[in-house]
Amino acid sequence: MPPGLHLLHRLRRPPAAAAAVPELCPVCGDKVSGYHYGLLTCESCKGFFKRTVQNNKKYICAENQDCKIDKTHRKRCPSCRFQKCLIVGMRLEAVRADRMRGGRNKFGPMYKRDRALKQQKRALMRANGFKTEAAASLVSSNQTDSAFTGSFPGLYPVPIIQTTLVPTTHYNHNCYGLPSLGTSTPSNPSISTQRQYTSSNPAIKSEHTDIHMSSQASVLGDHAYSEELQEETFSPQVPRMPQLVMEFLRCDPDELQMQRNIAAHLQREQSSWEKQGKPTAFSFMCRMADQMLFSIVEWARRCIFFKELKVSDQMKLLHNCWSELLVLDILFRQVQHGKRSSVLLVTGQEVELSAVASYADPTLAHLVQRGQELLEKLHGLQVDRQEVVCIKFLILFNPDVKPLESQPFVESVQEQVQGALLEYTLCTYPQYLDRFGHLLLCLSELRSLSTLAEDYLCCKHLSGEVPCNNLLIEMLHAKLLHVHTSW
DNA sequence: TTAGCCTTGAAG
DNA sequence: CTTCAAGGCTAA
């Protein structure tokens, strides 16, 4: 084993910065002064939004409708500023047509719930001591977790990198399983989505004089809002599923399909092996892992957020996390399998643990032992599929991977997924307040386990025992290359 | 036009 | 009563 490998891995995954950032305006990053028109914003963006809507102002961007909006530049392009106001979720309906002063509006309960959720998060974070690396940013500036957005319209950090501006309308239209999400061309998502967004949003270029009259004005966020209102009014006792989690479930591959594909592939391979003599169990496992990796890459390529990234970033993220995804996949299959005495393979075959023990060398035996321990924790938690799909995204969108071209995007996805997972756990298992913290601990354990597994495979590879010409080898090479170049 | 501060008034 | 998110005012 190359010297310092463990240390290097620890260096590769530095703990996140600890301090919680005070709440920032999602439009310009200035200091938040309270809830205004649907979400926490600064005083100036509140005023700007009010003036724009009340006076029915029309702005035209002199550039490409992708101007940077921050505290210093916010005055420069009102068109993009207003657009950003809508993107982050400010509500046209909250501007009163009659200009009545004082009192409260229908958003009151949402603000309250949002506050309660935020407070719960802070308490949880404190209880967890901010030790888990994913936790620190949760109480920071993002409002992706806000109750009334259903975890979605967030994405506000995205326009910082102007290349991946994602319109929220698509997601809102596609919640609860409608099929057409993400029709943008992968080659240049920014342009296509931007166009769809501006052309489909009457608030930006055309008249919106009727917004006060029509409760069904087709403006950004209406869907999320009306759903929220419905839920608030009619079914407050039913736990909500954050829309992001719904979307993750939709992206997740079908287990049976995968089982068939991989089994068929291995069957085909096996017929050619027979000519070369009997393969070892280890070699068989490698080929199976290889096929699982293909599935993982295929899943990632097709899933929300990831497909918006450049290939170079996609590669870096996958090179970083392939083993974690692989181990998680294996472990969750065992959770569903439910039997402690045998291992369920992706092909559907069952292998007795005693058989594994008799075959394993000490290092592998230790790996299996660690896997069993983590599996016990997952069993204890009765971790569900919704949580696992979220964890997969937490693993994939690791903001510690550097350098990335779309670093802010990856960070914002990480934060959104954390928010969605926390919201899901709080809503689905309200009696179990620390569940989110326990899941993050499992994730941390999973990371260390997968690092060990990678090291083990590297060792085997260096001694020539891993079958050639596959994805597994490429991942291991990337790892070895990384060790080499950064040492 | 902007943005900080002020006034208002229903909800809790 | 207090809270706080609406709209209003105004100097820069």
Check your understanding: Atom CG of A:Asn105 and atom C1' of C:dG7: how far apart are they, to the nearest Å?
Key -> 12 Å
Exercise for review: Can you figure out which of B:dA11, B:dT1, C:dG7 approaches the side chain of A:Lys57 most closely?
Suggested key: B:dT1
Review point. Do A:Glu411 and A:Gln407 have a side chain donor and acceptor closer than 3.5 Å?
Key: yes
Review point. Between C:dC9, C:dC4, B:dC5, which nucleotide gets closest to the side-chain atoms of A:Glu43?
Key: B:dC5
Check your understanding: For A:Gln54 and C:dA6, is the shortest distance between a side-chain N/O and OP1 or OP2 below 4.0 Å?
Key -> no
Check your understanding: Do A:Val27 and A:Met90 have side chains that get closer than 4.5 Å, going by heavy atoms?
Key -> yes
Review point. Quick one: A:Lys46 NZ to C:dC9 P, roughly how many Å, whole number?
Key: 13 Å
Check your understanding: Where do A:Asp313 and A:Ser406 land on the side chain to side chain contact (heavy atoms under 4.5 Å, CB included) test, with the steps shown first?
Key -> CA-CA 7 Å; A:Asp313 281 357; A:Ser406 303; 3.6 Å; yes
**Study point:** Earlier contact from the 5' end, DNA chain B, for A:Gly102 and A:Lys112
**Key:** A:Gly102
Review point. Of all the choices, C:dC4, B:dG4, C:dG8, which nucleotide is nearest to the side chain of A:Arg115 once you look at every atom?
Key: C:dC4
Exercise for review: Identify whether any heavy atom of A:Arg104 sits under 4.0 Å from a base atom; if not, whether one sits that close to sugar-phosphate; answer base, sugar-phosphate or nothing.
Suggested key: base
**Study point:** Length of the line joining A:Arg101:CZ and B:dC6:P, which is rounded to integer Å
**Key:** 13 Å
Practice item. Using a 4.0 Å heavy-atom cut-off across all strands, classify A:Arg51 as base, sugar-phosphate, or nothing. Key: base
Review point. Of the nucleotides B:dC5, B:dA3, C:dC9, which has the atom closest to the A:Ser44 side chain?
Key: B:dA3
Point to revise | Closest to side chain of A:His36, choosing from C:dG7, C:dA5, B:dT2 | key: C:dA5
Check your understanding: When you measure from the side chain of A:Ser450 to the backbone N and O of A:Arg447, does any donor-acceptor pair fall under 3.5 Å?
Key -> yes
Exercise for review: Select one nucleotide: of B:dA3, B:dT2, C:dG8, the one nearest the side-chain heavy atoms of A:Pro78.
Suggested key: B:dT2
Check your understanding: Taking only N and O in the side chain of A:Tyr111, is any of them less than 4.0 Å away from OP1 or OP2 of C:dA6?
Key -> yes
Check your understanding: Roughly how many Å is it from NZ in A:Lys50 to P in B:dT1, rounded to a whole number?
Key -> 14 Å
Review point. Do you see a donor-acceptor pair shorter than 3.5 Å between the side chains of A:Glu376 and A:Gln372?
Key: no
